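Inspection log for the structure reproduced underneath, given as structure tokens.
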There are 2 protein chains.
Amino acid sequence: MTVTLADVAARAQVSPATVSRVLNGKYPVAASTRERVLKAVDELDYVLNGPASALAAATSDLVGILVHDIADPFFGILASAIQSEIGGSGGRAGGERLAVVCNTGGSPERELTHLTLLQRQRAAAVVLTGGAVEDAPHAAAVSTKLRKLTDAGTRVVLCGRPPAPGTGAIALDFDNRGGARQLTGHLIALGHRRLGCIAGPRERTTTRHRLEGHREALAAAGLEDDPHLTVHGHYDRRSGYEATVELLRRAPDLTAIVAANDTVALGACAALRESGLRIPEDVSVAGFDDLPFGIDAVPPLTTVRLPLAEAGARAGRIATGREEPPPGGITTLRGELMVRGSTAVPRR
Amino acid sequence: MTVTLADVAARAQVSPATVSRVLNGKYPVAASTRERVLKAVDELDYVLNGPASALAAATSDLVGILVHDIADPFFGILASAIQSEIGGSGGRAGGERLAVVCNTGGSPERELTHLTLLQRQRAAAVVLTGGAVEDAPHAAAVSTKLRKLTDAGTRVVLCGRPPAPGTGAIALDFDNRGGARQLTGHLIALGHRRLGCIAGPRERTTTRHRLEGHREALAAAGLEDDPHLTVHGHYDRRSGYEATVELLRRAPDLTAIVAANDTVALGACAALRESGLRIPEDVSVAGFDDLPFGIDAVPPLTTVRLPLAEAGARAGRIATGREEPPPGGITTLRGELMVRGSTAVPRR
DNA sequence: CTGTTAGCGCCTTCAT
DNA sequence: ATGAAGGCGCTAACAG
């Protein structure tokens with residue numbers, strides 16, 4: 001009942017192999033034959049059987065994208081950019097590749113599970129986004145899995161995540177440390193001396209790097225790094241709100257807050273406003289990432305712009321073999337300080 | 001070199017069939033045998049070949065999700081919710097299903113292309129999100145394709161999109177008309193008489209329904225529907241900005257603006273602010289959807305909350321056969337008016 | 001440029 | 001509860 005390649009071949013009066021060749025391009029076929037085949041395909045309303053091709057060719061047109069949560073614009077923008085570059089020509093069967101998006105919630109277990117699932121699908125490539133967990137056993141497990149994937153011919157790209165040495169994975173990392181240093185440096189230059197810091201979850205690379213940058217800037221200015229001024233939380237609005245309440249309790253004299261990211265910064269703004277504090281007159285606030293909504297905050301959010309779309313696009317191209325990996329398989333993308341209305345000279 | 005089912009079978013001293021049965025659950029296998037097989041799987045580090053299973057079983061573990069753009073939180077939230085419900089048990093091989101997210105940009109051509117690609121993958125289900133285009137030929141083409149998919153056993157769910165009669169697709173639609181009516185009604189109740197309306201792209205169902213609701217509210221209040229007060233645009237911030245500039249030019253006396261969605265509303269707010277107008281004192285602004293950032297606008301955005309997460313979760317469950325479709329295969333999810341600071345009584 | 005021939009790795013009746 | 005055997009639909013050498 002279901003139309004197969006053989007049916008098309010019969011109707012076009014050619015061999016199945018020829019039909020296959022026509023459908024997959026990439027092979028010399030006489031124009032007249034091709035037309036006949038295409039006509040038969042059309043008339044029969046034939047649709048190639050993906051699993052069968054994948055089995056025979058030992059590779060699929062699937063590209064896995066691991067994200068913490070696709071509902072988060074940070075990952076949405078990355079995923080969108082990756083996708084925009086994996087379609088089009090270059091592969092088999094019209095070269096259309098499909099993106100398999102996996103929400104991992106940042107959990108290494110789920111990351112591993114999804115990598116296995118993608119391995120099972122014989123994915124052509126896998127892009128891992130977002131910071132990694134800094135737990136040795138987990139990191140090792142992920143590395144082992146990545147190694148297996150690359151060994152099996154799957155291209156693995158780390159996008160916005162530190163390199164995984166020995167895995168054969170290409171890494172496009174963000175310069176979180178440098179960005180954070182610039183940002184805190186900016187606040188210090190404005191005259192701030194008591195800076196609250198809302199950091200992300202402890203065990204993540206992103207958190208550590210941003211925190212290190214922050215501390216480097218403090219150190220460079222000869223400022224003490226008061227541990228009471230740093231609070232850890234998640235990368236969400238609520239964390240920003242709660243951490244700010246806590247920071248204000250601990251240090252009512254702070255004049256600025258650097259948040260783990262833009263979302264957290266919005267939560268911080270909300271808490272400040274509720275405490276009757278004005279932004280930036282009483283307290284300056286800065287975010288990180290430069291997500292689209294930051295510009296519509298009032299005042300607009302000072303932040304560090306990460307080249308998300310660029311990174312995603314590049315990851316997509318590398319994953320599909322349309323762009324050469326960077327030399328050494330590792331490259332770092334810088335952020336750009338975006339000074340806007342939410343930061344200003346401190347009060348008094 | 002690559003380990004296969006047969007290798008596992010040999011090592012566990014059972015037949016390939018038994019290994020298959022163990023791996024796919026859903027079949028009586030002696031506990032001792034199962035354990036032996038699982039042990040062999042582990043020792044051999046065996047990973048099932050997805051394409052091969054899919055070919056043999058004539059169905060895959062892939063679920064397609066069509067979105068306009070995954071970078072848009074509206075779709076990100078839907079996709080995230082869908083995904084959260086398609087994993088877990090219920091299917092073959094651990095029941096893990098993977099989400100294939102396709103950006104269509106709302107273009108019917110790309111929608112069709114991606115549906116074909118998913119058909120090629122023998123996707124277990126497809127969820128289409130976002131409003132549909134109201135172009136007869138395109139609508140017919142999409143319907144035909146959906147029919148083919150359902151005929152082939154693929155579950156098709158429309159999420160936030162009107163029913164497609166005769167296709168066998170389940171529809172979970174949002175009550176855009178009712179939501180818009182409430183929203184405009186709210187503004188009229190506040191005393192507004194000159195309401196600007198920034199509508200979405202002309203040829204979309206979502207746009208039409210929201211516009212109809214708006215007009216119904218106007219009519220119910222005996223207000224004239226001045227065509228100059230409606231401007232069409234896209235569902236993005238820039239459209240909101242530009243449309244507002246245009247509306248202010250056409251009708252400097254307007255006291256309220258209802259936007260196509262929250263993103264558009266933010267663009268409108270920006271334009272108003274740049275024109276020196278205060279929100280809501282001079283002009284009230286309302287959005288639609290209730291995306292997370294709306295609450296952080298200053299003042300927070302009055303809007304209509306759509307049950308995105310609920311709709312997505314339900315779509316995911318229906319797509320994976322874990323929930324019964326609604327009677328008649330069609331249901332409408334209501335929105336809820338969220339009155340916040342961006343709307344107030346008109347000036348004077 | 002096109003046809004022929006073997007599988008790719010698994011599932012699934014049908015027996016036992 | 002388990003084994004045996006055939007085939008799912010396509011691609012990839014080889015020939016020619």
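Each chain gets a letter, A, B and so on, in the order the sequences are listed, and its residues count up from 1. Keep in mind that this is a model prediction, so the values were computed, not measured.
- For Ser20(B), taking side-chain heavy atoms from C-beta onward, the closest of the listed nucleotides dT2(C), dG9(D), dC11(C) is dC11(C).
- The interatomic distance linking Gln121(A) (CD) with dC8(C) (P) rounds to 20 Å, in whole Å.
- Residue Arg21(A) has its side chain nearest to dT2(C) when only dG9(C), dA1(D), dT2(C) are considered.
- At a threshold of 4.0 angstrom between heavy atoms, the contacts of Leu5(B) are confined to the sugar-phosphate backbone, with no base atom among them.
- Comparing Ala56(B) and Ser32(B) by the nucleotide of DNA chain D that holds the closest heavy atom to each, the one mapping nearer the 5' end is Ser32(B).
- The side chain of Ala30(B) approaches dA1(D) more closely than any other nucleotide in the set dT11(D), dG9(D), dA1(D).
- For residues 128-150 of chain B, the set of pairs meeting the salt bridge (charged side-chain N to carboxylate O under 4.0 Å, His left out) definition, not counting sequence neighbours, comprises Asp45(A)-Lys148(B), Glu134(B)-Arg208(B), Arg147(B)-Asp151(B).
- At the phosphate of dG9(C), neither OP1 nor OP2 sits under 4.0 Å from any side-chain N or O atom of Ser53(B).
- Between the side chain of Arg122(A) and the base of dG9(C), no donor-acceptor pair under 3.5 Å is found.
- Listed by first and then second residue, the side-chain hydrogen bond (donor to acceptor under 3.5 Å, both in side chains) pairs that reach into residues 13-23 of chain A are Ser15(A)-Thr18(A), Ser20(A)-Asn24(A), sequence neighbours excluded.
- Residues from residues 8-17 of chain A placing a heavy atom under 4.0 Å of any atom in DNA chain D, listed by number, are Ala17(A).
- Heavy atoms of other residues, nucleotides or ligands lying less than 6.0 angstrom from CD of Glu35(A) number 12 at most.
- When rounded to the nearest whole Å, the span between CG of Leu48(A) and P of dC8(D) equals 16 Å.
- Here Thr4(B) does not reach the OP1 or OP2 of dC8(C): none of its side-chain N or O atoms lies under 4.0 Å away.
- Checked against dA1(D), dT2(C), dG9(C), the side chain of Val29(A) finds its nearest nucleotide in dT2(C).
- Comparing dT2(C), dA1(D), dG9(D) by their nearest atom to the side chain of Ala52(A) picks out dG9(D).
- With sequence neighbours left out, the side-chain hydrogen bond (donor to acceptor under 3.5 Å, both in side chains) criterion links Ser80(B) to Asp69(A), Asn103(A).
- Atom CZ in Arg120(B) sits roughly 13 Å away from atom C1' in dG9(D) (whole-Å rounding).
- Proximity note for Thr18(B) (side chain, C-beta onward) versus dC8(C), dA12(D), dT2(D): the nearest is dT2(D).
- Taking atom CG on Leu55(B) and atom P on dG7(D), their separation rounds to 14 Å, with Å as the unit.
- For Ser53(B) (side chain) and Asn49(B) (main-chain N/O), a donor-acceptor pair under 3.5 Å exists by modelled atom type.
- We find that CG of Leu23(B) is positioned 16 Å from P of dG9(C), with the value rounded to whole Å.
- Contact annotation: Thr33(A) reaches the phosphate of dT2(C) (side-chain N/O to OP1 or OP2, under 4.0 Å).
- In this structure, Asp7(B) places its CG atom 9 Å from P of dG9(C), rounding to the nearest Å.
- Ser107(A) meets the side-chain hydrogen bond (donor to acceptor under 3.5 Å, both in side chains) test with Glu109(A); sequence neighbours excluded.
- In this structure Arg122(A) satisfies the side-chain hydrogen bond (donor to acceptor under 3.5 Å, both in side chains) test with no other residue, sequence neighbours excluded.
- Gln119(A) has its CD atom 14 Å from the P atom of dG9(C), to the nearest Å.
- Within the 4.0 Å cut-off from OP1 or OP2 of dC8(C), not a single side-chain nitrogen or oxygen of Asn49(B) is found.
- Side-chain atoms of Thr154(A) come within 3.5 Å of backbone N or O of Ala123(A) as a donor-acceptor pair.
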